[in-house]
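See below for the structure under consideration.
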Amino acid sequence: MKIAFFDSGVGGLNVLYDALKLLPNEQYIYYADSINAPYGTKSNEEIKKLVFEAVDFLAHENIKALVVACNTATSVTVKALREKYSFPIIGMEPAIKPALKNNNNKKTLVCATEKTLKEEKLKALIQNLNGENKVVELSLQELVVYAENFEFNEPHILQYLKKCFVNIKWKEFDSLVLGCTHFYYFTKQLRGILPRHIRILDGNFGTVKHLKNSIIETDTNQKTKIEFFISGEKAASSHFEKYFDFIKKNQ
Ligand code: DGL
């Protein structure tokens, strides 16, 4: 049986990349809803409709687990998905918990999509961690489209990031949380403009560990196979492999 990964686009490849290291003998199916990306600016109804369409499709693919490798889709749909489907569903959680640990009494900047920042799920997480006065939220929504276009190093991206950070007093912060799987591609650019003392955290490996604990692993030593789909249509692996190459080069 296969493990399915779903994202509004190419962001979830960052999570799949870690899964390939931890669970190398599994068979994967990666579904990018790139035709409908970005999700972060859509209404909850639109997001629910798109996610259920994709997961209905994946449910017919003999899967043993689903990773919703998208913070936005997780925020809006994970509860409803778990009510409908019986296979394990693993969602994304912004790495606020590790960020608030050993934080030298400083704040954490949580960067996510417009939608994730508005949703109850994030608010509840911050509240549970008593983080109301320690967490500042910031949308970096435009990065989603840049990543979809395979644009990472262009000067306008740096300008965009600098503009988004203009009011942030970095001395008061100790970490930045990547609360959107597309943002991971910009880690290098962020490192270049953030002060050295800022830790950059993501929830990718935590999600993959959770996946490992949720499945019965295959006991054969087979070669990894990944099938790719874009919005319901089989897609060429070359489109996705260039992102894997980029991740590998920038690690
Ligand atoms: N990868 C999605 C996330 O983690 C991007 C959302 C979007 O399409 O706007 O939130």
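Every number for a ligand or one of its atoms is a count from 1 in the order of the listing.
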Inset, instruction - List for me each residue that meets side chain to side chain contact (heavy atoms under 4.5 Å, CB included) alongside I35, sequence neighbours excluded, and say none if there are none. - result: I230, S231
Below 3.5 Å, can you tabulate the donor-acceptor pairs from side chains in residues 170-177 to any protein atom, sequence neighbours excluded?
unit_1, atom_1, unit_2, atom_2, d
E172, OE1, K107, NZ, 3.0
D174, OD1, R199, NH2, 3.0
D174, OD2, R199, NE, 3.4
S175, OG, T108, OG1, 2.9

Legend entry - Check: K97 side chain, L125 main-chain N or O, donor-acceptor pair, under 3.5 Å: no
Legend entry - Enclosure of K234 NZ (heavy-atom neighbours >12, cutoff 6.0 Å): yes
Inset, instruction - Measure the acute angle between the ring planes of F240 and F228, then classify it against the limits of 30° and 60° as parallel, tilted or perpendicular. - result: parallel
For residues 8-23, which side-chain N or O atoms pair as donor and acceptor with protein atoms under 3.5 Å away, sequence neighbours left out?
unit_1, atom_1, unit_2, atom_2, d
N14, ND2, G11, O, 3.1
N14, ND2, T181, O, 3.0

Legend entry - Shell of residues surrounding ligand 1, defined by a 4.0 angstrom heavy-atom cut-off that is strict: D7, S8, P38, Y39, G40, C70, N71, T72, T113, Q141, V144, C180, T181, H182
